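Comments concern the structure below.
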There are 2 protein chains.
Amino acid sequence: MNKKAGRPRIEEVARRAGVSSATVSRFFSRRDLVSDKTAERIKKVADELGYRPNRLAGSLVTRRSRLVALLVPALTESPFNAMIEAIVDALGERGYTAMLGLTGNKYENMDKVIETALGLRVDGIIVTGVINDPATRTALRSEDVTVVETWGLPLAPIDCAVGFSHHEMGRMTAEFIQRRGYQFPLIVTARGSRAAQRRDGFVSEWAKLTAADYEDIQVDIPYGFGQARSVFRQMRSLATQPDVVICGSDALALGIIVEAGRAGLSVPDDLAVIGLGNRSIAGDMRPSITTISIDGHRIGQEAAKLFHDRAEGKDDGQRIIDVGFQLIERESA
Amino acid sequence: MNKKAGRPRIEEVARRAGVSSATVSRFFSRRDLVSDKTAERIKKVADELGYRPNRLAGSLVTRRSRLVALLVPALTESPFNAMIEAIVDALGERGYTAMLGLTGNKYENMDKVIETALGLRVDGIIVTGVINDPATRTALRSEDVTVVETWGLPLAPIDCAVGFSHHEMGRMTAEFIQRRGYQFPLIVTARGSRAAQRRDGFVSEWAKLTAADYEDIQVDIPYGFGQARSVFRQMRSLATQPDVVICGSDALALGIIVEAGRAGLSVPDDLAVIGLGNRSIAGDMRPSITTISIDGHRIGQEAAKLFHDRAEGKDDGQRIIDVGFQLIERESA
DNA sequence: CTGAAAGCGCTTACAG
DNA sequence: CTGAAAGCGCTTACAG
């Protein structure tokens with residue numbers, strides 16, 4: 001209706017309630033500092049007027065925006081969404097609002113997005129993944145924001161980090177595969193530092209445990225079912241056929257199982273398949289998919305808490321939280 | 001390092017560049033108003049100091065935050081992510097920043113999230129889905145924000161909307177099924193207004209086209225593969241076995257196909273399956289999944305554009321954009 | 001428990 | 001093309 005009415009300001013509420021704007025301000029931010037009868041009058045007037053404090057003005061003077069930038073590569077086919085949800089929720093409970101920045105799957109927009117966040121004077125930046133560019137790391141260290149890195153464990157975090165060791169995940173996968181007696185694994189690795197760490201962890205452990213060979217195929221993005229056909233085709237043209245495929249996502253694992261079925265291969269007897277993520281599809285698929293569970297929700301909660309503790313000055317050590325992961329043994333491997 | 005150094009202010013840049021703060025301000029917002037040699041000096045000083053305008057302060061005086069709230073039910077197992085991505089990108093290109101608000105799958109946090117957005121003085125609110133609560137609609141109309149509703153076509157949008165007709169989608173599905181000669185459809189409907197509209201569209205058209213019966217099963221969230229087992233089980237206990245299942249998502253359709261395969265039913269001969277969304281899995285599955293394609297990316301782009309046009313005052317009609325949808329006939333039905 | 005006053009860091013008519 | 005000045009809407013020592 002009257003879109004142009006203009007919002008009431010604190011001064012207006014103060015005048016009608018017969019108090020100063022300082023008192024109204026206190027009513028909204030520190031209720032306990034105001035007497036009950038004054039509070040009642042203010043509340044009444046504020047409600048009538050539909051007064052809502054302008055956070056922009058408030059942040060300007062307090063120098064705290066209560067804004068936190070969430071930096072995430074993408075939202076579609078992304079393994080990070082449970083974490084993002086948890087962060088937004090946990091932040092909201094603490095009075096913070098999330099600003100969403102898309103960095104691109106190759107982090108190509110990282111700098112631009114950080115620039116936006118800093119312009120908004122966010123109190124914190126929670127990054128999905130570890131920031132690789134040293135220049136960006138250095139720049140961020142000198143800024144007045146708390147940075148939380150997630151989904152990995154940097155040796156020297158910018159401020160703090162919560163995640164798990166991709167290298168250890170690869171190592172443990174090699175151990176599992178060896179224990180199961182598979183002879184010739186195929187690793188499907190995405191181009192990216194996290195996948196590379198898992199691969200390294202796998203390769204070095206595999207060499208330690210067995211003299212057997214292994215094969216690996218690189219894909220652009222490991223999250224999609226869509227890569228399954230091409231991966232399967234490449235696999236079939238290998239000189240030695242692998243007996244187990246290690247996938248970068250449950251969706252890819254599912255796709256491989258579908259392709260295998262169509263080619264007349266039985267899973268896991270002719271070909272075992274291992275997923276990553278423990279999305280609900282992993283448990284629901286037939287055969288159910290052996291996978292590694294990552295607790296994105298937990299990472300998100302810890303990340304929000306870590307940020308908050310530091311923002312409140314409760315904690316300023318260089319914390320690194322390892323939430324670990326869990327191998328879920330099911331039918332596919 | 002010196003986290004507490006405090007950011008340089010515009011006055012500092014002005015002093016060192018030997019100009020007034022007004023000129024520095026103009027350099028950053030309206031470069032053309034500043035002479036080249038002055039601009040050069042300002043740029044040099046600003047770079048040295050690492051000056052970055054405080055958007056909070058700027059927004060306070062211009063009364064434009066360049067912030068847009070994106071309201072979305074959830075991020076996991078969500079069909080809206082491609083739209084959200086497109087919105088964030090399109091908004092970014094236009095100089096706007098996205099604030100993320102999670103409304104919950106049943107919109108239970110809608111009011112709280114809107115309150116947060118209004119406190120931040122966002123210039124716009126882009127809602128995933130149509131806001132159902134009449135009180136909220138009324139309240140929003142009197143606020144000084146542009147509201148864009150998406151993923152549906154409200155009869156009387158708060159401001160404007162971009163989406164498609166769920167009713168028409170249901171109608172078209174009935175037509176397709178009848179044309180294919182299926183006799184006894186089972187609709188799997190989520191509890192929610194969009195799904196209800198599709199169901200209504202289906203049911204009324206089906207009654208028009210045939211005297212045949214139909215069955216329907218309600219599920220909580222239609223997006224997951226996970227509901228497939230329970231739906232399939234319920235289906236098997238029906239007196240008459242359906243010859244086609246209409247699913248609320250491709251993931252559910254995929255799950256039904258898997259369950260059918262396990263039960264020895266051939267798809268589509270014994271049981272046809274129709275998905276919704278045309279996610280990549282639909283095309284990659286064996287058999288490939290007949291589904292309805294919704295162009296979330298397009299909806300996102302149009303939504304951002306609609307918002308921007310209105311924010312710039314270029315357009316203030318009550319626009320409704322119908323992006324339609326497309327039935328993709330594949331192997332599963 | 002409350003108020004007067006200064007100030008957060010910008011932008012923008014207005015005047016030149 | 002540039003500057004002085006007012007003001008955006010709050011919060012917070014400080015004083016009472």
Side-chain angles (χ1 to χ4, degrees), chain A residues 4-43 45-46 49-67 95 118-123 143-144, chain B residues 4-43 45-46 49-67 95 118-123 143-144:
Chain A
K4 297 293 144 211
R7 302 212 52 80
R9 289 165 302 106
I10 198 172
E11 201 50 73
E12 171 94 3
V13 178
R15 201 165 40 74
R16 299 208 192 191
V19 294
S20 73
S21 61
T23 302
V24 178
S25 174
R26 290 191 191 99
F27 171 76
F28 281 100
S29 52
R30 308 196 46 188
R31 175 52 244 268
D32 54 301
L33 294 183
V34 177
S35 79
D36 284 352
K37 60 166 67 96
T38 305
E40 210 169 306
R41 281 211 314 287
I42 294 175
K43 181 166 172 24
V45 173
L49 255 43
Y51 173 72
R52 184 183 292 117
N54 183 334
R55 268 178 65 181
L56 261 21
S59 294
L60 187 58
V61 16
T62 59
R63 290 142 174 274
R64 304 190 62 212
S65 63
R66 296 210 150 245
L67 248 24
L118 295 176
L120 265 177
R121 296 299 187 267
V122 298
D123 294 336
E143 295 289 341
D144 192 13
Chain B
K4 297 291 143 210
R7 303 213 51 80
R9 290 166 301 107
I10 197 171
E11 201 51 72
E12 171 93 4
V13 178
R15 201 164 42 73
R16 299 208 193 192
V19 294
S20 73
S21 62
T23 303
V24 178
S25 174
R26 289 191 192 100
F27 171 76
F28 281 100
S29 53
R30 307 197 48 189
R31 173 55 245 266
D32 53 302
L33 293 184
V34 177
S35 78
D36 284 351
K37 60 167 67 97
T38 304
E40 210 167 305
R41 281 210 313 285
I42 294 174
K43 180 167 171 22
V45 172
L49 256 43
Y51 173 72
R52 184 183 291 116
N54 183 332
R55 268 178 66 181
L56 262 21
S59 294
L60 186 58
V61 14
T62 59
R63 290 138 173 279
R64 305 189 62 212
S65 63
R66 295 211 150 246
L67 246 25
L118 295 176
L120 266 177
R121 297 298 188 266
V122 298
D123 293 337
E143 295 289 339
D144 192 14

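Keep in mind that what you see is a predicted model, and the values were worked out from it rather than measured.
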Rounded to whole angstroms, how far apart are CG on B:L120 and C1' on D:dC10? 14 Å
Given atom CG of B:D32 and atom P of C:dT12, what is their separation to the nearest angstrom? 13 Å
Less than 4.0 angstrom from a charged side-chain N to a carboxylate O is my criterion; do B:E11 and B:R15 meet it? no
Measuring only the P atom in each nucleotide, how far is C:dA5 from C:dC1? A whole number of Å is fine. 24 Å
Heavy atoms only, 4.0 Å cut-off, all strands: where does A:T38 land among base, sugar-phosphate and nothing? sugar-phosphate
For atom CG of B:N54 and atom P of C:dC8, their distance in whole Å: 12 Å
D:dA4 pairs with which nucleotide, Watson-Crick or G-U wobble, both distances below 3.5 Å? none
Counting just side-chain N and O atoms, does B:R64 come under 4.0 Å of either OP1 or OP2 of D:dC8? no
In whole Å, what is the span from the CG atom of A:L56 to the C1' atom of D:dC10? 10 Å
Rounded distance (nearest 0.5 Å) linking atom CG of B:N54 with atom OG of A:S65: 9.0 Å
Considering only heavy side-chain atoms of A:S25, the closest of C:dG3, D:dT2, D:dT11 is D:dT11
Pick the nucleotide of DNA chain D nearest each of A:A22 and A:R9; which residue has the one closer to the 5' end? A:R9
Roughly how many Å is it from CD in A:E40 to P in C:dT2, rounded to a whole number? 13 Å
In whole Å, what is the span from the CZ atom of B:R55 to the P atom of C:dT11? 12 Å
Please classify the nucleic acid contact of A:R26 as base, sugar-phosphate, or nothing, using heavy-atom distances under 4.0 Å. base
Between C:dC10, D:dT12, D:dG3, which nucleotide gets closest to the side-chain atoms of B:A57? C:dC10
D:dG3 P sits how many Å from B:R15 CZ, rounded? 15 Å
Under a 4.5 Å cut-off applied to non-hydrogen side-chain atoms, are A:R121 and A:R63 in contact? no
Among D:dC10, C:dT12, C:dT11, which nucleotide has an atom closest to any side-chain atom of A:Y51? D:dC10
Looking at A:A14 and A:S21, what are the two nearest heavy atoms and their distance? CB-N, 3.5 Å
Below the 4.0 Å mark, does D:dT11 have OP1 or OP2 next to a side-chain nitrogen or oxygen of A:T62? no
So does B:R63 get a side-chain nitrogen or oxygen closer than 4.0 Å to the phosphate oxygens (OP1/OP2) of D:dC8? no
Interatomic distance where CD belongs to A:E11 and P belongs to D:dC8 [whole Å]: 11 Å
Taking the side chain of B:S20 as its heavy atoms from C-beta onward, which of D:dG3, C:dG9, C:dT2 lies nearest to it? D:dG3
Heavy atoms from C-beta onward define the side chain here; which of C:dT11, C:dG7, D:dG3 lies closest to that of A:V61? C:dG7
B:L67 CG to A:R55 CZ distance, which is reported to the nearest 0.5 Å: 9.0 Å
Charged N to carboxylate O below 4.0 Å: is that the case for A:R31 and A:D36? yes
OP1 or OP2 of C:dC1 under 4.0 Å from side-chain N/O of A:S35: no
Closer than 4.0 Å, any side-chain N/O of B:T23 to the OP1 or OP2 of D:dT2? no
At 4.0 Å (heavy atoms only), tell me whether B:F27 reaches a base, stays on the sugar-phosphate, or touches nothing. nothing
Applying the Watson-Crick and G-U wobble criteria at under 3.5 Å, what pairs with D:dA13? Answer none if nothing qualifies. none
Heavy-atom nearest nucleotide on DNA chain D for B:S21 versus B:K37: which residue maps closer to 5'? B:K37
